[in-house]
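Along the sequence shown, residues carry numbers from 1. All values below were derived from every heavy atom in this structure, side-chain atoms included, with hydrogens, water molecules and symmetry-related copies excluded.
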Amino acid sequence: METAQLLALGREALLLMVLASAPPVLASLVVGFLMSLFQATTSLQDSTLSVVPKLCSSVLALVIAGPWIGQQLTRFATQLFLALPEVMS
């Protein structure tokens, strides 16, 4: 296997990592912003108030995006296993 093919696989792995982690991170970011806005509006300064909604939104995002993430990971793993004999030779 050539260096360009290995670099392409590595690049795709990194891109897949970013795409797979995007739904829970973005959900947590949006809910964290909304909770901060709520806390600033109501003058509540409890830092633990935003932890539970962010955790719930991250889990919900993983439940919703889970099948897509699993499909992408399966596709990449299949591609990687099919390329493995070329790496070994």
Reference residue C56; test side-chain contact (heavy atoms from CB on, under 4.5 Å); the match among V52, V59, L60: V52

Does Q39 reach the main-chain N or O of D46 with its side chain, forming a donor-acceptor pair under 3.5 Å? yes

Do any N or O atoms from the side chain of S36 and from the backbone of G32 form a donor-acceptor pair under 3.5 angstrom? yes

Approximate separation, where rounding is to 0.5 Å, of [X] [atom1] and [Y] [atom2]:
{"X": "K54", "Y": "L34", "atom1": "NZ", "atom2": "CG", "value": "11.5 Å"}
{"X": "S50", "Y": "L37", "atom1": "OG", "atom2": "CG", "value": "12.5 Å"}
{"X": "L73", "Y": "M17", "atom1": "CG", "atom2": "CE", "value": "12.0 Å"}
{"X": "T78", "Y": "R75", "atom1": "OG1", "atom2": "CZ", "value": "9.0 Å"}
{"X": "L7", "Y": "E2", "atom1": "CG", "atom2": "CD", "value": "11.0 Å"}
{"X": "F33", "Y": "F38", "atom1": "CZ", "atom2": "CZ", "value": "14.5 Å"}

Check whether [X] and [Y] end up in the same hydrophobic cluster, where Ile, Leu, Val, Met, Phe, Trp and Tyr are linked by side-chain heavy atoms less than 4.5 Å apart.
{"X": "F76", "Y": "L15", "value": "yes"}
{"X": "I69", "Y": "L80", "value": "yes"}
{"X": "L62", "Y": "L19", "value": "yes"}

Taking all non-hydrogen atoms of both residues, which atom of [X] and which atom of [Y] are closest, and how far apart?
{"X": "V63", "Y": "P67", "answer": "O-CD, 3.7 Å"}
{"X": "S58", "Y": "P24", "answer": "OG-O, 3.5 Å"}
{"X": "L49", "Y": "M35", "answer": "O-CE, 3.9 Å"}

Could you tell me whether the side chain of L9 reaches within less than 4.5 Å of the side chain of Q79, counting heavy atoms only? yes

